[in-house]
Amino acid sequence: MTVKILYFASLKETLGCAGEDFVLPSGVSTIGELRTFLAGRGEPWNALGEGRNIRAARNQRMAAPADPVLPGDEVAFFPPVTGG
């Protein structure tokens, strides 16, 4: 099952990439599980780790950790946006 993962803003800079096509390993079926798996890659991927203030969207809609990841989905991770 392949998904497209996008990284935005400071997360993109930290990881050194804007996105990737990613084959989900078995046992990874939710946004939260995907995030945990990616963070487990080590430095600099632990920027996605638990306790970090990172948001997620699935197919351009805000997503919760328990939301499923389905084949062909686009999942985006990004830091919260501030503005004025």
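Please read these numbers as outputs of a predicted model, since none were measured by experiment.
Not one N or O on the side chain of Arg55 forms a donor-acceptor pair closer than 3.5 Å with the backbone of Pro80. No donor-acceptor distance shorter than 3.5 angstrom exists from the side chain of Arg35 to the backbone of Ala56, with no hydrogens or angles considered. No donor-acceptor pair closer than 3.5 Å links the side chain of Asn46 to the backbone N or O of Ala39.
Evaluation of the salt bridge (charged side-chain N to carboxylate O under 4.0 Å, His left out) rule for Arg58 yields Asp73 as partners, not counting sequence neighbours. Residues meeting the ring-ring contact (aromatic ring centres under 6.0 Å, His included) test with Tyr7, sequence neighbours left out: Trp45. In terms of the salt bridge (charged side-chain N to carboxylate O under 4.0 Å, His left out) criterion, Lys12 has no residue partners (sequence neighbours excluded). Residues satisfying the salt bridge (charged side-chain N to carboxylate O under 4.0 Å, His left out) test with Arg41, not counting sequence neighbours, are Glu20. When the side chain to side chain contact (heavy atoms under 4.5 Å, CB included) test is applied to Ala76, the partners found at least two apart in sequence or on another chain are Leu6, Phe8, Ala57, Phe78.
Residue Leu70 is found outside any hydrophobic cluster, as its side-chain heavy atoms come under 4.5 Å of no other Ile, Leu, Val, Met, Phe, Trp or Tyr.
Residues Glu33 and Gly27 come closest through the heavy atom pair OE1-O, 3.3 Å. Heavy-atom minimum distance, Ile31 versus Ala64: CB-O, 3.5 Å. The two residues Ala66 and Thr30 have their closest heavy-atom pair at O-CG2, 3.8 Å.
Within a 6.0 Å sphere centred on CD of Glu74, heavy atoms belonging to other residues, nucleotides or ligands number more than 12.
Contact check for Leu38 versus Phe77: side-chain heavy atoms found under the 4.5 Å cut-off. Counting heavy atoms from C-beta outward, Val69 and Val28 have side chains that stay 4.5 Å or more apart.
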